[in-house]
Number of protein chains: 2
Amino acid sequence: MDFPITRVKGGVGAPKGFLTSAAVCGIKNPDAPRPDLALIHSEHPCTSAGTFTTNRVKAAPVRVTQGHLRRGELRAIVANAGNANACTGVQGVRDAHAMCDAVARPLGLKRAEVGVCSTGVIGLPMPMARIGPGLDELPAGLARGRGGEVAEAIMTSDTRAKELAFSFDLGGTRARIGGCVKGSGMICPSMATMLCFITTDAGITPECLRKSVLECVEESFNRITIDGDMSTNDTVLVLANGASGMSPVRRNGKRCRQFREALGHLMLELAKAIVRDGERVTRFVTVRVEGAKTYLDAKKTAEAVCKSALVKSSWNGGDPNWGRIIHAVGYSRARVREELIDIHIGGKPACIGGLQADTPMDELRAAVAGPEFDITIDLNQGGAGYTMYSSDLSPEYVDFNRSEYAYWKQARRDGLV
Amino acid sequence: MDFPITRVKGGVGAPKGFLTSAAVCGIKNPDAPRPDLALIHSEHPCTSAGTFTTNRVKAAPVRVTQGHLRRGELRAIVANAGNANACTGVQGVRDAHAMCDAVARPLGLKRAEVGVCSTGVIGLPMPMARIGPGLDELPAGLARGRGGEVAEAIMTSDTRAKELAFSFDLGGTRARIGGCVKGSGMICPSMATMLCFITTDAGITPECLRKSVLECVEESFNRITIDGDMSTNDTVLVLANGASGMSPVRRNGKRCRQFREALGHLMLELAKAIVRDGERVTRFVTVRVEGAKTYLDAKKTAEAVCKSALVKSSWNGGDPNWGRIIHAVGYSRARVREELIDIHIGGKPACIGGLQADTPMDELRAAVAGPEFDITIDLNQGGAGYTMYSSDLSPEYVDFNRSEYAYWKQARRDGLV
């Protein structure tokens with residue numbers, strides 16, 4: 001870190017001038033009601049930027065928010081969990097608009113100043129009858145310092161609310177940046193079923209913010225994978241309201257680099273938190289590829305290893321099986337030469353020059369026994385590298401996702417079958 | 001089928017002039033010895049052709065057999081299970097040569113007339129001290145009509161030996177074609193950890209055989225996936241010895257089309273047998289993509305659906321979750337339009353025009369309750385199609401593959417750790 005940033009309490013509610021509220025609508029599960037609808041609102045106009053899933057099947061709220069973000073003036077975000085509003089056609093777009101309108105009106109905003117996000121089951125209509133009353137409650141409930149409500153409301157299969165905030169000095173003025181994420185399954189680079197909302201009271205020009213967001217997402221949320229499935233609803237939204245009182249940070253200056261560093265640090269920590277809370281995950285594995293001919297070769301290598309069902313199963317079993325790692329490197333379509341490949345597991349040589357290293361097996365087993373370890377793959381062919389953050393694959397993950405609960409039970413509950 | 005082919009008993013031993021033998025070396029598991037070394041030998045010179053893994057990390061026997069096959073004169077195949085002889089460097093190549101030489105000498109063949117294949121654990125040296133005595137036994141044990149020994153000897157995590165043979169009429173002469181396969185995990189298109197040996201007593205020119213093999217592999221073994229992991233050892237070898245007495249089948253004639261049809265039928269049935277015997281598989285699913293703009297769009301769509309951990313988990317649970325299918329279609333990188341996509345599950349409409357169809361959920365659940373069903377995805381954008389054969393993903397698959405047995409226990413047994 002070039003310049004000091006300090007951890008502070010809270011998440012999206014930590015920066016000045018951001019209010020939040022949440023409601024319980026029974027979208028997730030009416031039998032055990034939990035918060036499932038949330039609102040973030042800035043008291044001041046904002047600069048905003050974001051990134052979205054590259055899935056060609058995009059949920060209605062993604063399409064709507066992409067349109068709203070084009071003007072870069074989002075000032076509020078409304079989000080629900082339990083239903084993804086995906087594959088819902090024209091009615092889905094109407095419902096997404098209705099969610100924006102319901103909060104825009106009492107807050108005196110235009111529809112295009114509201115971002116809308118949904119996460120949950122794909123292919124079922126939004127239960128607007130249950131969401132309506134919650135939407136009506138939200139604006140009146142807005143309060144300071146309660147960003148944790150948002151982190152909690154957007155959870156689906158997440159086991160814990162994930163939020164984080166920092167304060168840092170930008171050209172003599174103190175600024176804060178905070179964020180929350182949800183995401184646990186359907187997690188894959190570019191990008192995952194994940195929602196990430198970030199707020200900051202730094203003042204920043206649209207150009208500097210957009211560029212920083214693109215670069216930081218590339219190095220954080222696009223570097224994680226749990227199950228290799230890319231969602232229809234992924235959204236990262238960043239709102240900067242300038243409430244700290246600084247003059248706007250411009251592109252290419254020292255302050256822009258510093259802001260980017262703070263944003264990058266926050267995004268990376270939030271991205272890692274998603275992997276650590278992945279569905280039935282027991283291992284957090286950092287895969288570093290080095291010595292690749294090109295960036296793309298390094299990326300392909302890391303992705304193949306991080307997505308291999310066999311490699312991930314061996315991690316679950318605490319098996320330092322480098323043979324499975326090198327076999328995935330081989331089919332990655334990266335340009336590699338078997339006889340040059342070195343693999344280190346937890347810092348211990350497991351494979352040198354494509355052959356078994358002489359590290360005692362007990363040492364290798366000890367290296368993968370803990371909940372977090374590193375794998376380094378040196379292709380010894382050049383100077384390019386790529387790092388990804390991945391998890392194991394557990395029998396419990398499959399067991400969890402084989403359950404028909406998500407679709408069938410919810411459809412029955414909604415009286416659709 | 002344009003012309004009649006008849007199922008006959010046996011596998012690689014069914015065609016005239018092919019002899020087989022097998023031995024027990026204790027490579028797989030010395031505590032519970034099973035056949036793990038096998039030999040196929042043709043009494044007559046052969047035309048031969050084959051395909052190999054496209055993994056850049058190739059096992060020593062793959063490199064050696066690729067070289068031998070260049071002359072197209074293979075007359076024998078020696079194969080072992082239990083150790084893949086992969087990532088074994090120069091010594092691995094020496095061991096593969098030694099395996100060829102050990103059977104070539106007593107049979108009066110040149111080394112280049114012998115193909116060698118290995119399957120099993122990656123990264124451990126071949127236990128040649130245990131394999132040597134078995135190699136010595138093989139030539140003396142050669143016999144007719146015992147091809148099942150080969151199918152059994154090459155099994156690793158397979159639960160059953162897989163072999164099949166047909167007879168058919170080619171321009172008035174009766175010919176036979178038989179084959180066996182192994183493969184259960186590390187199964188992915190182009191190509192899987194699979195070995196396939198096919199013998200025929202049809203007479204055929206090298207050009208017709210090579211072309212037929214390439215085309216038939218593309219439509220069979222390259223269309224299956226179990227876990228999406230491509231092996232270092234995949235090999236398909238086809239030997240034609242002309243013992244049926246016909247004049248050689250030439251390229252582009254009617255007989256070549258007929259031979260190709262018989263070969264294609266055999267390969268497809270053997271490929272499907274691999275999926276049905278996939279590691280801890282409970283469902284065999286045929287995924288048909290139709291209406292794609294191009295062949296490549298259709299292929300990408302089918303591959304994304306067949307490799308999705310979430311889709312495969314839902315199949316395991318008997319969940320007709322079309323939302324997960326369409327989300328995989330969306331991230332496949334195929335050119336698709338959400339609002340045009342129709343999905344049928346077991347012949348029942350599940351999604352029409354990107355929206356939930358009105359088939360009662362009970363009917364959809366019944367459609368995926370059995371051990372085999374079809375998914376049809378119509379992109380409604382053109383005339384191209386692609387079909388793949390896939391399986392579910394079960395908690396038991398992960399549990400099986402998390403076991404450290406394969407590498408660690410074997411290494412300890414071999415006195416390597």
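Just so we're clear, the structure is a prediction, and the values are computed from it rather than from any experiment. The chains referred to below are lettered A, B, ... by the order of the sequence lines, with proteins before strands, and numbering in each begins at 1.
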Handout entry: Sub-4.5 Å side-chain heavy-atom contact between Y397(A) and S313(B)
Key = yes

Locate the shortest heavy-atom distance separating [X] from [Y]; write the atom from each residue and the value.
X	Y	answer
G354(B)	C87(A)	O-CB, 3.3 Å
L355(B)	T88(A)	CD2-C, 3.4 Å
I122(A)	I326(B)	CG2-CG2, 4.5 Å
E338(A)	R63(B)	OE1-NH2, 2.7 Å
V57(B)	G330(A)	CG2-CA, 3.6 Å

Portion of [X] that has a non-hydrogen atom of chain A nearer than 4.5 angstrom:
X	result
R337(B)	neither
A84(B)	neither
S394(B)	backbone

Quiz item: Backbone N or O of H327(B) within a donor-acceptor pair of the N55(A) side chain at under 3.5 Å?
Solution: yes

Would you say R56(A)'s side chain and R335(B)'s backbone share a donor-acceptor pair under 3.5 angstrom? no

